[in-house]
Amino acid sequence: MSAKIKMYLVYGVVFLALFLGIWVLSGYMFEPDSAMRKLTPIIASIILSPKPHVVETQSGRQYGLKSLFSKKIYWFKD
């Protein structure tokens, strides 16, 4: 599996886990049909999930994820 696929797969799984967790929590806080219950999980998941990070080097592209809470980039290798 290539590093690019690994990066986007981990990004998608983390985003989905955050979204579903916040969706369940927002169900207890807001009315079932309110706009806040629909928008809160989407916005929070976008902000909190790690962002894909691609760097072009002489040896090729390097793929990683960069978190909001850390300056460290988590690199993926082929």
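What's counted below: heavy atoms across the whole structure, side chains too, no hydrogens, waters or symmetry copies.
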> Rounded to the nearest 0.5 Å, what separation is found between the OG atom of Ser49 and the CG atom of Leu65?
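The CG atom of Leu65 is 9.0 Å from OG of Ser49, to the nearest 0.5 Å.
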> Do the side chains of Tyr28 and Leu18 join up, straight or via other hydrophobic residues, at under 4.5 Å, putting them in one cluster?
no
> Donor-acceptor pair, distance only, cut-off 3.5 Å: does the side chain of Lys51 make one with the backbone of Ile46?
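Yes, Lys51 side chain to Ile46 backbone: donor-acceptor pair under 3.5 Å.
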> Which pair of non-hydrogen atoms, one from Lys38 and one from Asp33, has the smallest distance, and what is that distance?
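Closest heavy-atom pair between Lys38 and Asp33: NZ-O, 4.2 Å.
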> Could you state whether Phe69 and Tyr74 fall into the same hydrophobic cluster, counting links through intermediate Ile, Leu, Val, Met, Phe, Trp or Tyr residues with side-chain heavy atoms under 4.5 angstrom apart?
no
> Looking at Tyr63, is its backbone amide N or carbonyl O close enough to the side chain of Lys4 to form a donor-acceptor pair, meaning the two atoms are under 3.5 Å apart?
no
> How long is the straight-line distance from NZ of Lys72 back to OG of Ser67, given to the nearest 0.5 Å?
11.5 Å
> Cluster question for you: counting only ILVMFWY and a side-chain heavy-atom cut-off of under 4.5 Å, with indirect links fine, are Trp23 and Ile42 together?
yes
> If only atom types and distance count, is the side chain of Ser45 paired as donor or acceptor with the main-chain N or O of Phe19 below 3.5 Å?
yes
> Over all heavy atoms of both residues, which pair between Leu68 and Leu48 is shortest? Give the atoms and the distance, please.
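Taking Leu68 first and Leu48 second, the nearest heavy atoms are CD2-CD2, 4.4 Å.
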> Write down the atom of Val14, the atom of Pro50, and the distance for their closest heavy-atom approach.
CG1-CD, 3.4 Å
> Taking Ser34 for the side chain and Phe30 for the main chain, is one N or O donor matched with an acceptor at less than 3.5 Å?
no
> For the side chain of Lys66 and the backbone of Gly64, is there at least one donor-acceptor N/O pair under 3.5 Å apart?
no
> If you round to the nearest 0.5 Å, how far is OH of Tyr11 from CG of Leu16?
11.5 Å
> Under a 4.5 Å side-chain heavy-atom rule over Ile, Leu, Val, Met, Phe, Trp and Tyr, are Val54 and Phe76 clustered together?
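Looking at the clustering, Phe76 is in the same group as Val54.
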> Can you confirm whether Met29 is buried at CE, in the sense that more than 12 heavy atoms of other residues, nucleotides or ligands lie under 6.0 Å from that atom?
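Buried by this count: over 12 neighbours within 6.0 Å.
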> Check Arg37 against Gly27 and note the closest heavy-atom contact, atom names and distance.
NE-CA, 3.0 Å
> Of the non-hydrogen atoms in His53 and Met7, which two are nearest, and what is the gap between them?
N-SD, 4.0 Å
> Using salt bridge (Lys or Arg N to Asp or Glu O under 4.0 Å) as the criterion, list what pairs up with Glu56, not counting sequence neighbours.
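Applying salt bridge (Lys or Arg N to Asp or Glu O under 4.0 Å) to Glu56 gives Arg61.
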